[in-house]
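Small disclaimer: the values here were computed from a predicted structure and weren't measured. We use all heavy atoms of the structure for the numbers below, so side chains are in, but hydrogens, waters and symmetry mates are not. Order of listing sets the numbers, starting from 1, for every ligand and every atom in it.
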Amino acid sequence: MKSISSWGRLSHEDHHVIPLNDRQNVTNLIQAQEGRFGIAYGMGRSYGDVALNPNGHLWLTTGLNHLIHFNESTGRLRCESGVLLKDIQRLLIPRGWILPVTPGTQMVTVGGAIANDVHGKNHHLLGSFGDHVQHVKLIRTDSTEIECSPNLNTEWFAATVGGLGLTGLIVEAEIQLRPTSGPWLDTETIPYANLSEFFELADSSEKDWEHTVSWIDCMSNKGQGIFMRANPNKELKDVPKMNAEKKMPFLPPISLVNSLTLRPFNLAYYNLKKYKAGSSIAHYENFFYPLDKLLEWNRMYGPKGFFQYQSVIPRNVGQDATQAMLKEIEKSGEGSFLAVLKTFGNRESLGMLSFPEPGVTLALDFPNHESRTHKLLSRLDAIVKEAKGRIYAAKDARMPRELFEAGYPKLNEFLKYRDAGISSSLSRRLLGS
Ligand SMILES: Cc1cc2nc3c(=O)[nH]c(=O)nc-3n(C[C@H](O)[C@H](O)[C@H](O)COP(=O)(O)OP(=O)(O)OC[C@H]3O[C@@H](n4cnc5c(N)ncnc54)[C@H](O)[C@@H]3O)c2cc1C
């Protein structure tokens with residue numbers, strides 16, 4: 001038994017951890033034992049309880065870390081599901097191939113990226129991770145093996161991409177990489193004073209910029225923030241030696257993100273970025289994964305951990321709903337430092353439970369102040385519900401079941417593909433088993 005938590009560190013509970021190291025020998029290891037069900041656990045970078053299963057089995061996939069085949073002329077990669085996105089990027093970018101979609105950290109596994117159908121800063125151009133997966137090999141707890149792809153067993157594929165690990169264990173996957181000219185990006189940083197300016201920037205950037213994202217100052221309900229956009233730089237080729245990551249040196253007894261620090265933090269960050277606004281050249285790791293530079297940064301929230309809250313709101317009501325959420329946050333006195341606002345492109349996701357849909361997505365994190373934080377999050381839920389939006393399960397530890405059901409209209413169809421021997425804290429909370 002081992003105490004395991006997720007990235008939000010809201011709980012630390014014992015799990016029976018079963019390391020998976022050999023893809024030929026997974027079938028026996030994932031069968032229910034002594035009536036205990038299991039769930040796959042990759043790098044545990046999901047914030048809430050989607051990969052947790054206290055007192056049950058956790059199938060640790062990071063030992064399934066082999067690349068199986070790479071075709072250097074087509075960019076097609078076949079690998080085991082525990083391979084890290086970071087390793088793929090570092091190995092293949094110097095050879096001219098890049099993962100088409102990656103989230104805000106590269107410390108995640110291929111299996112985790114498929115199971116949450118993760119999105120990056122280029123959704124308007126390339127959709128989400130699952131759009132680039134060409135094949136998946138799934139092993140179920142009843143020992144059946146299912147091969148699925150955009151053309152084969154397509155319903156299994158649509159259930160497994162974004163399927164929260166509940167359709168079986170992904171053992172292998174094939175991904176179509178994208179040609180790249182190198183590791184550098186041409187970037188622009190532009191301050192915006194309010195949400196109207198944000199939406200103008202987001203719309204006007206979609207055509208000419210591959211990557212767009214913004215940081216929003218949610219301590220000022222004006223909606224001011226910093227917009228960042230980037231395109232691959234086609235000239236610079238040298239791959240530099242990366243600076244070593246730094247580590248959060250200790251677990252503070254209370255959250256370092258609190259009412260005394262938040263307002264000055266946010267104001268200082270806004271002014272610093274405003275001062276440095278303009279064009280520059282950035283390495284892809286600095287632009288895509290800035291938080292990876294401080295290992296275990298999640299410990300800065302102290303022993304009680306923190307909640308992430310990510311919603312997507314349909315575009316026609318996106319501005320009003322975002323404004324209403326900012327107002328609620330300001331009124332509550334709770335605040336978020338790592339607040340990200342961006343638009344998703346006008347494309348539907350292929351997974352039955354995939355999160356991205358056309359609209360605007362706001363990701364926030366709040367130190368865990370128990371009932372105070374729950375009250376605020378319930379008020380944000382009401383805004384999301386009214387706007388017919390949805391909450392991202394990869395970040396969630398508390399959304400009410402009715403909001404999940406309302407946000408994911410293909411849920412009933414998905415349930416047909418569930419593996420009866422797989423269960424997580426999230427599935428018990430939101431699906432009843
Ligand atoms: C700093 C930071 C930034 C982030 N930014 C983004 C972002 O921009 N966009 C975004 O979409 N997400 C983002 N995330 C969330 C993260 O990308 C996802 O939670 C991702 O799924 C984590 O992958 P993991 O390997 O850690 O999987 P885990 O968190 O361990 O597991 C996630 C899910 O995948 C399932 N799973 C894992 N492996 C397998 C397998 N082999 N077979 C079947 N199921 C499996 C698990 O059961 C669970 O349901 C961010 C997280 C952090 C910490």
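- Below 30°, between 30° and 60°, or above 60°: for Y417 and W156 the angle between ring planes is above 60°, a perpendicular geometry.
- On a distance-only criterion, H119 and ligand 1 share at least one N/O pair closer than 3.5 Å.
- At a 4.0 Å heavy-atom cut-off, ligand 1 touches K395 through the side chain alone.
- Remark: among candidates Y392, Y289, Y47, the nearest residue to atom 1 (C) of ligand 1 is Y47, based on non-hydrogen atoms.
- Salt bridge D292/R45: absent, no basic N to carboxylate O contact under 4.0 Å.
- Aromatic ring pairs are classed by plane angle as parallel below 30°, tilted from 30° to 60° and perpendicular above 60°; the pair W184 and H283 is perpendicular.
- Nearest non-hydrogen protein atom to atom 19 (O) of ligand 1 is S46 OG, 2.8 Å.
- Ion pairing of R299 with E296 is present here, as a side-chain N (NZ or NE/NH1/NH2) and a carboxylate O approach within less than 4.0 Å.
- Looking at Y392 and S311, their side chains never bring a donor and an acceptor atom within 3.5 Å of each other.
- From the protein, the heavy atom lying nearest to atom 13 (C) of ligand 1 is P103 CB, 3.6 Å.
- Here S81 has side-chain heavy atoms under 4.0 Å from ligand 1, and that is the only part of it that gets that close.
- A salt bridge links R90 with E285; the closest basic N to acidic carboxylate O contact falls under 4.0 Å.
- Between the side chain of S128 and the backbone N or O of V118, no donor-acceptor pair lies under 3.5 Å.
- Every N/O-N/O distance between W297 and ligand 1 stays at or above 3.5 Å.
- Salt-bridge annotation for R390 and E405: absent, with no side-chain N of the basic residue lying under 4.0 Å from a carboxylate O of the acidic one.
- For atom 23 (O) of ligand 1, the nearest non-hydrogen atom of the protein is V108 CB, 3.4 Å.
- Looking at G112, G8, A113, it is G112 that brings a heavy atom closest to atom 27 (O) of ligand 1.
- Taking a cut-off of under 4.0 Å to the non-hydrogen atoms of W7, the atoms of ligand 1 that pass are 53 (C).
- Within ligand 1, counting atoms from 1 as listed, the ones closer than 4.0 Å to a heavy atom of L164 are 49 (O).
- Side chain to side chain, R418 and S433 meet the donor-acceptor criterion of an N or O pair below 3.5 Å.
- Protein heavy atom closest to atom 44 (N) of ligand 1, with residue, atom name and distance, is G165 CA, 3.3 Å.
- Below 3.5 Å of separation, one finds no N or O of Y41 facing any N or O of ligand 1.
- At least one N or O atom of M43, backbone or side chain, sits closer than 3.5 Å to an N or O atom of ligand 1.
- Nearest protein neighbour of atom 26 (O) of ligand 1, counting heavy atoms only, is R45 N, 2.8 Å.
- The contact set between ligand 1 and V118, taken as ligand atoms under 4.0 Å from a residue heavy atom, comprises 10 (C), 11 (O), 17 (O), 18 (C), 20 (C), 21 (O).
- When atom types are taken as modelled, the side chain of H119 and the backbone of V101 share no donor-acceptor pair closer than 3.5 angstrom.
- With ligand atoms numbered from 1 in the order given, ligand 1 contributes 43 (C) to contacts under 4.0 Å with heavy atoms of G168.
- Close contacts of ligand 1 with T61, meaning ligand atoms under 4.0 Å from a residue heavy atom, involve 41 (N).
- Residue-environment remark: CG (N346) stays at or below the threshold of 12 foreign heavy atoms within 6.0 Å.
- With a 4.0 Å heavy-atom cut-off, ligand 1 is reached by the backbone of I170 and by its side chain too.
- Distance alone, capped at 3.5 Å, places no donor-acceptor pair between the D396 side chain and the G48 backbone.
- Applying the 4.0 Å criterion to heavy atoms of V50 picks out, from ligand 1, the atoms 48 (C), 49 (O).
- Put simply, the side chain of N368 gets close to the backbone of K304: a donor and an acceptor are under 3.5 Å apart.
- At a 4.0 Å heavy-atom cut-off, ligand 1 touches T109 through backbone and side chain alike.
- The option with the heavy atom closest to atom 4 (C) of ligand 1, from among G162, G120, G104, G82, is G104.
- For ligand 1 and N116, the ligand atoms under 4.0 Å from any heavy atom of the residue are 18 (C), 19 (O), 20 (C), 21 (O), 32 (C), 33 (C).
- F404 and Y408 have tilted rings, their planes meeting at an angle from 30° to 60° on a 0 to 90° scale.
- For the pair A40 and ligand 1, the shortest N or O to N or O distance falls below 3.5 Å.
- With respect to D381 and R398, a salt bridge is recorded, a charged nitrogen being found less than 4.0 Å from a carboxylate O.
- For the pair I39 and ligand 1, the shortest N or O to N or O distance does not fall below 3.5 Å.
- For ligand 1 and A51, the ligand atoms under 4.0 Å from any heavy atom of the residue are 30 (O), 31 (O), 48 (C).
- Counting only non-hydrogen atoms, the option in G44, A115, S424, A363 that gets closest to atom 34 (O) of ligand 1 is A115.
- For the pair G42 and ligand 1, the shortest N or O to N or O distance falls below 3.5 Å.
- A distance-only check finds no donor-acceptor pair linking the side chain of R315 to the backbone of P358 [under 3.5 Å].
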